[in-house]
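Please read all numbers here as calculations on a predicted model, not as lab measurements. Along the sequence shown, residues are numbered consecutively beginning with 1.
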Amino acid sequence: MRTHLVDRVRNLGILAHVDAGKTTVTERFLYLTGATHKRGEVHDGTTVTDFDPQERDRGITIFAAAVSCDWAGHRINLIDTPGHVDFSDEVERSLRVLDGAVAVFDAVAGVEPQSETVWRQADRHGVPRIAFVNKLDRAGAELDGAVESIRTRLGTVPLPVQLPIGREDGFTGVVDLVRMRAYVWADGADTYTDEPVPHDLGDEARHRRRRLEETVAELHPGALEEFCGEGALSAETLTGALRDLTLTGEAVVVLCGSAYRNRGIEPLLDAVVAYLPAPSDMPPVRGEVPADPEAPFTALAFKVSATATGRMTYVRVYAGTIGKGDTVLDAVGGRTERIARILRIQADRATEVDVARAGDIVAVVGPKGARAGSTLCAPGAPIVLEPPTTADPVVSVAVEARRSTDTGRLATALARLSEEDPSLVVRSDPETGQTVLSGLGELHLEVAVEKLRRDRGLEVTVGRPQVAYRETVTKGVTGLLHRHVKQDGGAGQFAHVVIDVEPLGEGEEFAFTSTVTGGRVPQEYVRAVEAGCRDALVEGPLGGHPVTGVRVTLTDGATHAKDSSEMAFRTAGRFALREALRASVMTLLEPVTDVTVTVPAESVGSVLGDLAARRGRVTDQTTRSGTAVVEATVPLAELFGYASRLRGRTQGRGTFTTRPAGYAPAPRGQAD
């Protein structure tokens with residue numbers, strides 16, 4: 001593949017809130033591009049990307065699934081990501097290797113909590129996006145309302161390039177405001193007919209086209225020049241400007257349709273090709289690796305999966321070319337690995353290929369030590385790419401094998417689980433000796449335990465979920481002096497430090513500064529004191545929980561000509577901060593979540609009372625068309641088992657979603 005063919009690749013993710021329809025959008029992509037020959041449906045359990053039995057049982061996406069298809073001469077590598085907050089780390093790892101994304105929104109609900117969360121994740125990674133307002137055939141669907149929520153809640157400039165034809169059940173197509181043509185789908189038809197704009201929508205279409213031109217001209221210098229000179233924008237200029245604004249993130253192109261009814265998908269595919277970036281459009285990774293097939297091989301592993309046929313490592317190839325049988329360097333692990341097979345993935349199916357080139361997303365078989373975040377590169381050109389971040393777990397359960405003979409198998413299975421999903425953490429409790437599994441939420445742990453039972457055939461018992469508490473300083477101390485002196489033959493240890501401890505601002509974890517003057521503590525010893533302080537943050541004085549929100553200032557110190565060392569000052573820093581924390585006023589923090597509860601209006605009183613009993617703080621409440629939406633902030637510990645309680649109070653009609661909201665002070669004795 002020559003370099004210019006990288007331009008004909010699109011690596012994108014589908015992002016959305018739970019039940020906005022992103023898996024259905026993915027299925028329609030596969031069907032219309034000919035990658036599949038039958039339309040899969042979530043409610044029938046026949047989708048390609050939700051292939052795991054738990055996904056089909058629960059009706060939600062749990063694991064990011066990669067698929068490929070071809071459209072208009074372009075290769076589209078697509079990752080269908082989870083929408084539930086408990087699996088946001090899957091989204092994080094996917095976004096790290098994607099060039100663009102389609103954000104799917106419900107035409108009735110607009111921007112929902114997890115929509116906003118994944119949007120902010122994409123912001124952090126600088127991933128260009130286009131938006132698709134789905135489910136326009138639903139009662140209460142409204143494009144303008146959804147667009148306004150994108151503007152107000154996401155803080156971006158939405159640029160609607162389509163006008164719906166018909167409302168709710170009468171939704172039959174869209175007017176393309178760029179080409180000023182109508183695309184109409186007959187009932188049951190897979191493709192649209194290209195028609196003139198309906199007469200009754202002519203004025204509205206022209207008005208919206210004019211507004212689109214004016215907004216684009218305000219944001220794009222080239223479009224402004226043509227708009228001022230000609231009084232209008234040509235379709236070519238408008239398309240080019242929309243692409244530029246998408247790539248810079250200054251605005252987001254908005255399309256609409258109904259994926260379930262197969263309406264609006266082909267124009268969305270055209271928009272993916274027209275507006276989202278190719279690998280060659282993205283800045284070089286770390287400023288060093290351009291998307292060039294002729295450059296030294298560089299790839300990032302973002303997912304590891306153990307299957308019946310062996311261990312597969314999913315990689316994004318950023319530069320160079322890799323062939324079957326080649327040897328690569330795992331730059332993180334420091335070992336060479338042989339590539340036995342290269343697979344182009346179609347969810348749970350794979351097609352073997354001989355080579356992978358810059359811009360490809362494939363799976364490789366052979367590397368045994370590579371983890372999510374490992375860099376695979378040419379042995380002669382080592383490089384380490386920035387790995388995806390992993391969220392800290394907030395919920396833990398104790399797990400043990402029901403049969404003592406399965407204890408070894410359980411340990412192996414848990415190690416494999418945490419290898420496949422780095423947001424799962426396995427540790428042994430030093431006090432009880434129990435094996436503790438920690439994750440991002442109750443559902444996250446339920447899925448992990450069920451995977452042990454189904455995939456490994458293990459019978460396990462699970463303890464009650466426990467949340468991850470933190471400790472913080474509310475009133476610190478000044479001038480705490482600690483002298484570390486040790487003499488037991490040979491070289492001794494001497495370190496003298498004086499520190500101040502004070503609380504940090506909300507959301508900040510740790511800060512260390514030194515105001516020592518006159519060289520009383522050399523710089524290398526200052527760094528050792530900071531390292532010792534970080535060691536002390538692992539266990540706080542209240543209950544052994546990690547400490548956060550602390551500023552430490554090294555104000556003075558002294559050294560010994562022979563006995564001072566970095567080790568001595570690291571030890572002194574650790575013990576000094578431990579003493580300072582015991583002398584400070586400390587507060588226990590518990591994780592809290594923002595909860596959005598949707599219930600029938602007649603059930604809202606009962607739901608509000610239940611939230612209050614769970615120490616919830618209601619922040620907003622709206623009612624629309626007989627449905628009440630309550631937003632509240634609730635301690636995570638109080639939400640265990642909430643799903644079944646909500647169903648009972650609303651006769652099964654209530655739903656809720658959550659997203660992390662950080663930490664808040666816990667009542668005294670809460671963690672006992």
Side-chain angles (χ1 to χ4, degrees), residues 11-30 40-43 47-50 55 58-67 76 78-95 98 100-125 127-138 141-143 145-147 149-151 153-154 156 158 252-261 263-265 268-269 271-272 276 347 441 443 594 596 598 629 655-659:
N11 293 316
L12 67 134
I14 306 293
L15 312 175
H17 185 87
V18 174
D19 204 32
K22 63 188 176 315
T23 298
T24 304
V25 169
T26 304
E27 290 297 319
R28 298 304 183 263
F29 274 12
L30 296 175
E41 305 294 355
V42 173
H43 57 271
T47 60
V48 171
T49 52
D50 285 354
E55 293 178 310
R58 299 174 188 269
I60 61 172
T61 300
I62 296 173
F63 309 105
V67 292
I76 297 176
L78 183 111
I79 297 181
D80 178 22
T81 64
H84 196 284
V85 67
D86 280 19
F87 308 102
S88 58
D89 238 43
E90 285 275 320
V91 181
E92 187 76 18
R93 290 193 294 274
S94 299
L95 284 171
L98 294 172
V102 175
V104 181
F105 300 95
D106 187 311
V108 178
V111 176
E112 297 174 271
Q114 188 62 7
S115 313
E116 191 171 347
T117 299
V118 295
W119 188 272
R120 301 302 176 212
Q121 286 179 284
D123 279 342
R124 288 198 306 273
H125 289 276
V127 175
R129 282 141 281 171
I130 59 177
F132 181 68
V133 178
N134 191 27
K135 302 187 178 184
L136 273 178
D137 56 324
R138 285 185 59 195
E142 184 186 357
L143 175 62
V147 169
S149 72
I150 292 173
R151 183 193 317 279
R153 297 197 61 172
L154 302 181
T156 189
V252 58
V253 172
V254 182
L255 300 95
C256 60
S258 167
Y260 179 67
R261 293 197 179 183
R263 294 172 183 173
I265 301 302
L268 180 58
L269 280 164
V272 164
L276 290 180
L443 180 59
D594 288 334
T596 301
T598 304
V629 178
T655 61
F656 78 102
T657 59
T658 65
R659 59 174 175 167

List in chain and number order the residues that pass side chain to side chain contact (heavy atoms under 4.5 Å, CB included) with E142, two or more places apart in sequence or in another chain; answer none if no residue qualifies. D144, R624
Measure from the side-chain N and O atoms of R124 to the backbone N and O of E92, and report whether any donor-acceptor pair falls under 3.5 Å. no
What are the two closest non-hydrogen atoms of A259 and V25, and how far apart are they? CB-CG2, 3.7 Å
Hey, does the side chain of R263 reach the backbone of C256 with a donor-acceptor pair shorter than 3.5 angstrom? no
Test side chain to side chain contact (heavy atoms under 4.5 Å, CB included) applied to D594 - qualifying residues, sequence neighbours left out: T633, R659, A661
Can you find a pair of side-chain heavy atoms, one from I265 and one from F132, that are under 4.5 Å apart? yes
Within the 4.5 Å heavy-atom criterion, are E116 and L154 side-chain neighbours or not? yes
Using side chain to side chain contact (heavy atoms under 4.5 Å, CB included) as the criterion, list what pairs up with A146, not counting sequence neighbours. V133
Spatial distance of atom OG1 (T156) from atom CG (D123) [nearest 0.5 Å]: 8.0 Å
Go through the structure and list residues passing salt bridge (charged side-chain N to carboxylate O under 4.0 Å, His left out) with R151, not counting sequence neighbours. E148
Nearest heavy-atom contact between K135 and A20 is CE-O, 3.7 Å
Contact check, side chains of T24 and V104, non-hydrogen atoms, under 4.5 Å: no
The criterion is side chain to side chain donor-acceptor pair (under 3.5 Å); which residues satisfy it with N11, sequence neighbours excluded? N77, D99
Could you list the residues that satisfy side chain to side chain contact (heavy atoms under 4.5 Å, CB included) with S149, not counting sequence neighbours? V111
Please report the closest heavy-atom contact between Q121 and V91, naming both atoms and the distance. OE1-CG1, 3.7 Å
Distance check, rounded to the nearest 0.5 Å: F656 atom CZ versus T598 atom OG1? 11.0 Å
Do the non-hydrogen side-chain atoms of L269 and R28 ever get within less than 4.5 Å of each other? no
Can you give me the closest heavy-atom contact between P158 and I150, atom names plus distance? CB-CG2, 4.1 Å
With S94, which of V118, V127, L12, I79 fulfils side-chain contact (heavy atoms from CB on, under 4.5 Å)? I79
Quick check on side-chain contact (heavy atoms from CB on, under 4.5 Å): which of L30, V272, V67, L276 does I76 satisfy it with? V272
Test side chain to side chain donor-acceptor pair (under 3.5 Å) applied to S258 - qualifying residues, sequence neighbours left out: D137
Sorted by chain and number, sequence neighbours left out, salt bridge (charged side-chain N to carboxylate O under 4.0 Å, His left out) with R93 holds for D89, E90, D421
Compare every heavy atom of A107 with every heavy atom of L136, then report the nearest pair and how far apart it is. CD2-CB, 3.7 Å
Would you mind reporting whether D106 and R138 have side-chain heavy atoms less than 4.5 Å apart? yes
